[in-house]
Amino acid sequence: MENNLEVREVFLLMTIGIAVMMLLALAFVLFFYFSQKKFQTQQIKAQEERLRHQEQLLFSTIDAQEKERQRIAKDLHDEIGSKLNVINLGLYRINKLGKENLSLLETTEEIFSVINDTIETTRRISHDLLPPTLEKFGLKEALMELCESFKHMDALNISFSIKQYDFRETEKNIELNIFRVVQELINNSLKHGKPSNIGIDFWMNKNVIKLNYQDDGEGFDQNVESFKTGLGMQNIESRLRMIKGNYVLESSPGKGVKAEIIYQYE
């Protein structure tokens, strides 16, 4: 009887010991699991913070570039442009006074030509840096003017179609970044795709600004890393992230490029 009791006690102690060991092992596994999970969470948070910081730096760089463009455009228009006009006026007076001097007339005519070309170049550069139409009349008019500026290219037909237009007051920064994205799409098409036709459809209403972009160029393989990481694509993505806009781009070799840009009003 005593032996049976001792056996039961030993068995009970062994059972308790095994249970304690299993609990300790389970506690260790759980501790390791939650420690790893906490460490991974901290790593993810740190990585997200680094990405946010890098993104903020990128946004600040883009903003600084736009401010610098504005400054240069203003200087070109106000300083250089006005001084060239003064020189032009002075030459006109010299030309008027020296009508009988053929040599002087020829020289002034040549200078007139150079100055007029320089004035036109200055105006064009200033316009490209900061389109005055965008500032004065808004996104729709600026995009129409942008498309019109390519009409001189015989090998390219570019069309701009307004599908819906219910005007809504929009922050200039939002309009500017959408305008730059369209500029970048056109530049990328001309540089890489060599299209014959580009079409842009435009919607604006109380809730959304939407653009559909399409060209019939060479297209590209979206799986190729160089296209994903190219400066043009990065610029488009960064500008749309800045204004919390979205876009979908589709392309394949020989099929051209399609893009949909959407900005949803908050």
Side-chain angles (χ1 to χ4, degrees), residues 58 62 65-66 69 124-135 137-166 170 172-205 207-264:
L58 182 59
I62 291 172
Q65 285 176 345
E66 288 298 340
R69 279 178 169 177
R124 179 177 53 78
I125 294 171
S126 177
H127 185 279
D128 289 344
L129 287 169
L130 183 65
T133 306
L134 182 66
E135 189 71 22
F137 303 108
L139 180 61
K140 182 193 73 167
E141 297 295 333
L143 289 172
M144 289 174 65
E145 185 181 63
L146 176 65
C147 293
E148 280 292 324
S149 69
F150 289 95
K151 294 290 186 183
H152 68 281
M153 297 179 67
D154 295 332
L156 177 68
N157 174 45
I158 183 165
S159 63
F160 181 75
S161 175
I162 299 169
K163 299 298 184 182
Q164 182 185 11
Y165 187 68
D166 301 319
T170 309
K172 289 300 178 186
N173 182 54
I174 291 167
E175 292 192 330
L176 176 61
N177 279 292
I178 293 174
F179 180 83
R180 295 296 188 208
V181 166
V182 176
Q183 265 188 325
E184 192 66 56
L185 285 169
I186 293 173
N187 290 336
N188 281 350
S189 289
L190 297 178
K191 185 177 179 181
H192 302 292
K194 302 176 180 63
S196 299
N197 298 282
I198 293 175
I200 300 171
D201 296 331
F202 178 78
W203 288 260
M204 175 186 268
N205 58 41
N207 301 312
V208 70
I209 295 173
K210 187 172 85 166
L211 288 119
N212 282 350
Y213 178 93
Q214 184 171 357
D215 73 36
D216 61 357
E218 295 174 2
F220 62 89
D221 185 350
Q222 289 184 265
N223 295 316
V224 175
E225 194 64 27
S226 60
F227 286 103
K228 295 179 183 178
T229 58
L231 289 176
M233 296 307 300
Q234 287 184 348
N235 190 31
I236 289 170
E237 291 175 0
S238 299
R239 286 185 177 278
L240 288 172
R241 281 203 305 272
M242 276 180 71
I243 61 173
K244 297 179 181 177
N246 297 298
Y247 87 108
V248 178
L249 187 140
E250 296 177 11
S251 185
S252 58
K255 298 289 182 67
V257 173
K258 292 181 181 179
E260 182 181 65
I261 300 157
I262 297 175
Y263 171 76
Q264 195 84 32

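As the structure is a computational prediction, the values presented were derived from the model and not from experiment.
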Q: Indicate the atoms forming the closest heavy-atom contact of Y263 with I243, along with that distance.
A: CE1-O, 3.1 Å
Q | Derivation of the side chain to side chain donor-acceptor pair (under 3.5 Å) call for N173 and E175 | A | CA-CA 6 Å; N173 182 54; E175 292 192 330; over 6 Å; no
(Q) For V257 and F220: C-alpha separation, side-chain torsions, deciding distance, then whether side chain to side chain contact (heavy atoms under 4.5 Å, CB included) applies. (A) CA-CA 8 Å; V257 173; F220 62 89; 3.9 Å; yes
**Q.** Any side-chain heavy-atom pair of I200 and S161 under 4.5 Å
**A.** no
Q | Closest approach of F150 to L190 (non-hydrogen atoms, all atoms of both residues) | A | CE2-CD1, 3.5 Å
Q: To the nearest 0.5 angstrom, please state how far the CG atom of L143 sits from the OG1 atom of T133.
A: 10.5 Å
Q.
With heavy-atom distances below 4.5 Å as the criterion, would you say the side chains of D201 and Q214 are in contact?
A. no
Q. Minimum heavy-atom separation for I158 to C147, with atom names?
A. CG2-O, 3.3 Å
**Q.** Within 6.0 Å of NZ in K172, more than 12 heavy atoms from elsewhere
**A.** yes
Q: Evaluate whether atom OH of Y165 has more than 12 neighbouring non-hydrogen atoms of other residues, nucleotides or ligands under 6.0 angstrom away.
A: yes
Q) If every non-hydrogen atom of K191 is compared with every non-hydrogen atom of K194, which pair is closest and at what distance? A) O-NZ, 3.9 Å
**Q.** Atom pair CZ/NZ of F202 and K210 - distance to nearest 0.5 Å
**A.** 12.0 Å
Q: State which residues pass side-chain contact (heavy atoms from CB on, under 4.5 Å) with Q264; sequence neighbours excluded, sorted by chain then number.
A: N207, V208, I262
Q: Quick one: pull up CD1 in I209 and CD1 in I261 and give me the separation to the nearest 0.5 Å.
A: 11.0 Å
Q.
Nearest 0.5 angstrom please: R241 CZ to N246 CG, how far?
A. 11.5 Å
Q) Are P131 and F179 close enough that some pair of their side-chain heavy atoms sits under 4.5 Å apart? A) yes
Q | Test side chain to side chain contact (heavy atoms under 4.5 Å, CB included) applied to S189 and I198, step by step | A | CA-CA 9 Å; S189 289; I198 293 175; 4.1 Å; yes
**Q.** Exceeds 12 heavy-atom contacts within 6.0 angstrom, atom NZ of K140
**A.** yes
Q: Determine whether L211 and I178 make a side-chain contact, defined as any pair of heavy atoms from C-beta on separated by less than 4.5 Å.
A: yes
**Q.** Test item: S238 side-chain N/O and N235 main-chain N/O as donor-acceptor pair under 3.5 Å
**A.** no
(Q) Do M233 and L249 make a side-chain contact, defined as non-hydrogen atoms from C-beta onward lying under 4.5 Å apart? (A) yes
(Q) Is any side-chain heavy atom of L146 closer than 4.5 Å to one of V182? (A) yes
Q) Roughly how far apart are R239 CZ and I174 CD1, rounded to 0.5 Å? A) 13.5 Å
Q.
Which residues pass the salt bridge (charged side-chain N to carboxylate O under 4.0 Å, His left out) test with K244, not counting sequence neighbours?
A. E266
(Q) So N205 and W203, do their side chains get closer than 4.5 Å, heavy atoms only? (A) no
Q) Do you know which two heavy atoms are closest between S251 and G256, and how far apart they sit? A) OG-O, 2.8 Å
Q | Y213 (side chain) donor-acceptor with E260 (main chain) under 3.5 angstrom | A | no
Q. How many angstroms lie between atom CG of L139 and atom CE of M204, to the nearest 0.5 angstrom?
A. 5.5 Å
Q.
Please find the pair of heavy atoms, one from P195 and one from L156, that lie closest to each other, and give the distance.
A. O-CD1, 3.7 Å
